Asker: 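This is the structure I want to talk about, given as structure tokens.
As the structure is a prediction and not an experimental result, all values here were calculated from the model.
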Amino acid sequence: MSLRKVNISILIVAVVIFLLVLHHNFLGLSDFLKRELSDSNSLGLQPIDFIPVVPQRLADEGTDKEISVVIAASDERLGGAIAAMNSIYRHTRSNVVFHIVTLNDTVDHLRLWLSNTALKNLRYRILDFDPRVLEGKVQLDPQKADTLKPLTFARFYLPSLVPHAEKAIYVDDDIIVQDDILELYNTPLKPGHAAAFSDDCDSTTNKVAVRGAGNQYNYIGFLDYKKETIRKLAMKANTCSFNPGVFVANLTEWKLQNITKQLEKWMALNVAEEIYSRTLAGSITTPPLLIVFYKQHSSIDPMWNVRHLGSSAGKRYSPQFVKAAKLLHWNGHFKPWGRTASYAEVWEKWYVPDPTGKFSLIRRHSEAYEAK
């Protein structure tokens with residue numbers, strides 16, 4: 001009888017231990033699900049990878065304030081994003097976290113490139129962008145290649161990409177940074193302004209004629225002023241435009257003003273009424289931004305977006321000016337990873353070869369040896 005009581009006691013203790021372990025695991029799973037749900041959103045921007053540890057050099061210096069940098073990374077241009085991130089990382093001691101927006105079929109390639117090269121210490125977060133968010137908002141036009149590239153619209157959804165940040169920097173993948181990104185991050189924004197851009201009429205760009213760009217320095221170059229919808233906005237056609245390839249965003253203001261919804265509204269209206277200029281030479285992401293931010297944006301230092309390096313294969317700036325630039329931007333058709341590009345040797349210093357061999361630079365034979 002006493003032996004039976006002992007067996008029952010042992011069984012009860014075992015059951016209690018099992019229940020305690022089960023309860024502990026359930027709490028851990030609950031916390032995990034909460035973290036996953038807090039990072040997901042209705043746009044399908046799902047976090048895939050994140051390295052959260054602050055490097056010791058930053059912790060020692062007390063510079064652990066997080067600087068969010070958003071960049072899109074498509075598979076065919078992945079080398080550009082890699083070089084851009086490397087140049088930012090090598091020029092700062094700040095706690096930069098890269099929020100890399102890509103498509104699902106690029107994730108494994110990107111992760112291998114980051115983890116098997118000198119970039120393995122980067123802090124990053126990979127986000128899978130769902131193109132279905134653009135349904136009804138983009139009119140597919142074979143004459144405008146970027147209408148078929150959903151990642152070019154990722155900049156419209158910054159609060160969803162970095163939901164917990166108050167401020168963020170967006171950069172295109174065809175840039176190189178030559179100074180501390182902290183300076184750009186500290187760009188002062190006027191009260192009520194959700195973003196700061198570099199105007200197309202600033203002193204570094206207005207002296208450079210861009211072949212085939214027409215009036216792409218003012219609003220009439222991007223919007224169709226024959227359309228009543230545009231005329232009703234009472235925006236002056238000669239207003240200086242701005243370049244959306246590099247900008248600083250106040251995400252608190254962005255959310256308060258519902259900027260994303262405003263941009264989507266004008267995208268949908270273009271599908272219905274074709275309000276963008278028919279001679280549009282630049283990116284179709286620019287027109288809705290020009291409307292929403294008309295006389296409601298701050299300015300960044302022009303040296304933080306020295307652009308048009310990709311407008312032709314010729315060298316339009318002096319070597320001294322290129323060296324002094326804080327950010328070089330190869331917007332245009334001639335990309336620095338392509339066969340013909342200006343100042344490709346400057347860009348190539350920050351390029352990290354693809355360990356998988358899938359991405360390779362296109363170079364003329366003689367140029368390849370000259371670059372080495």
Asker: Holding to side-chain contact (heavy atoms from CB on, under 4.5 Å), I want the full list of residues that pass it with Gln320, two or more places apart in sequence or in another chain.
Answerer: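 Applying side-chain contact (heavy atoms from CB on, under 4.5 Å) to Gln320 gives Ser318.
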Asker: Considering residues at least two apart in sequence or located in another chain, which fulfil the side-chain contact (heavy atoms from CB on, under 4.5 Å) criterion with Gln262?
Answerer: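 Scan of Gln262 (side-chain contact (heavy atoms from CB on, under 4.5 Å), adjacent residues dropped) gives Gln257, Ile259, Val292.
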Asker: Please check this pair: side chain of His91 against backbone of Ser87, looking for a donor-acceptor N/O pair closer than 3.5 Å.
Answerer: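 Yes; judged by distance alone, with no hydrogens or angles, the pair exists.
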Asker: Residues in salt bridge (Lys or Arg N to Asp or Glu O under 4.0 Å) with Glu166, at least two apart?
Answerer: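 Glu166 satisfies salt bridge (Lys or Arg N to Asp or Glu O under 4.0 Å) with no other residue.
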Asker: Could you label the plane-to-plane angle of the His308 and Tyr217 rings as parallel, tilted or perpendicular, counting under 30° as parallel and over 60° as perpendicular?
Answerer: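 Plane angle over 60°, so perpendicular.
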Asker: Verify whether one side chain among Arg316 and Ser311 offers a donor that lies under 3.5 Å from an acceptor in the other.
Answerer: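 Per modelled atom types, Arg316 and Ser311 side chains form no pair under 3.5 Å.
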Asker: If you compare all heavy atoms of Gln178 against all heavy atoms of Lys323, which two are closest, and at what distance to 0.1 Å?
Answerer: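 Shortest heavy-atom separation between Gln178 and Lys323 comes out as NE2-O, 3.6 Å.
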Asker: Which residue pairs pass the salt bridge (Lys or Arg N to Asp or Glu O under 4.0 Å) test when at least one of the two sits in residues 153-164, sequence neighbours left out?
Answerer: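 Qualifying pairs, neighbours excluded: Arg155-Asp172.
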Asker: Side-chain donor-acceptor pairs under 3.5 Å in residues 73-81, sequence neighbours left out?
Answerer:
from  : atom 1 : to     : atom 2 : distance (Å)
Asp75 : OD1    : His109 : ND1    : 3.1
Arg77 : NE     : Asp173 : OD1    : 3.4
Arg77 : NE     : Asp173 : OD2    : 2.8
Arg77 : NH2    : Asp173 : OD1    : 2.6

Asker: Applying salt bridge (Lys or Arg N to Asp or Glu O under 4.0 Å), can you list everything that pairs with Lys167, at least two apart in sequence or on another chain?
Answerer: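 Listed in chain order: nothing, the list is empty.
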Asker: Under a 3.5 Å threshold, yes or no: a donor from one side chain and an acceptor from the other, between Ser241 and Asn218?
Answerer: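 No, no side-chain donor-acceptor pair sits under 3.5 Å.
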Asker: Who are the salt bridge (Lys or Arg N to Asp or Glu O under 4.0 Å) partners of Lys261, not counting sequence neighbours?
Answerer: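 Lys261: salt bridge (Lys or Arg N to Asp or Glu O under 4.0 Å) contacts with Glu264.
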Asker: What residues, two or more places apart in sequence or in another chain, satisfy ring pair (Phe, Tyr, Trp, His ring centres under 6.0 Å) together with Phe293?
Answerer: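 Checked Phe293 against ring pair (Phe, Tyr, Trp, His ring centres under 6.0 Å); matches are Phe197, Trp254.
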Asker: Just checking Trp330 against Tyr343, ring centres under 6.0 Å apart?
Answerer: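 Not close enough - the centres of the two rings lie 6.0 Å or further apart.
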Asker: Search all heavy atoms of Lys120 against all heavy atoms of Ser115 and return the closest pair with its distance.
Answerer: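 Nearest pair, atom of Lys120 first, then Ser115: CB-O, 3.8 Å.
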Asker: Does anything in residues 182-192 pair up under salt bridge (Lys or Arg N to Asp or Glu O under 4.0 Å), and if so which pairs, sequence neighbours excluded?
Answerer: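 As it turns out, the salt bridge (Lys or Arg N to Asp or Glu O under 4.0 Å) pairs with a partner in residues 182-192, which skip direct neighbours, are Glu183-Lys326.
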Asker: Quick one: list whatever passes side-chain contact (heavy atoms from CB on, under 4.5 Å) with Lys236, sequence neighbours left out.
Answerer: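 By the side-chain contact (heavy atoms from CB on, under 4.5 Å) rule, Lys236 matches Asn238, Thr239, Tyr294.
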Asker: Taking the side chain as every heavy atom from C-beta outward, state whether Pro159 and Thr260 have any pair of such atoms under 4.5 Å apart.
Answerer: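 They are in side-chain contact.
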Asker: Just jot down the ring pair (Phe, Tyr, Trp, His ring centres under 6.0 Å) partners of Tyr170, sequence neighbours excluded, or say none.
Answerer: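 Tyr170 satisfies ring pair (Phe, Tyr, Trp, His ring centres under 6.0 Å) with Phe247 once adjacent residues are dropped.
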Asker: If the condition is salt bridge (Lys or Arg N to Asp or Glu O under 4.0 Å), which residues does Lys227 pass it with, not counting sequence neighbours?
Answerer: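 Once residues adjacent in sequence are excluded, the partners of Lys227 under the salt bridge (Lys or Arg N to Asp or Glu O under 4.0 Å) criterion are Asp224.
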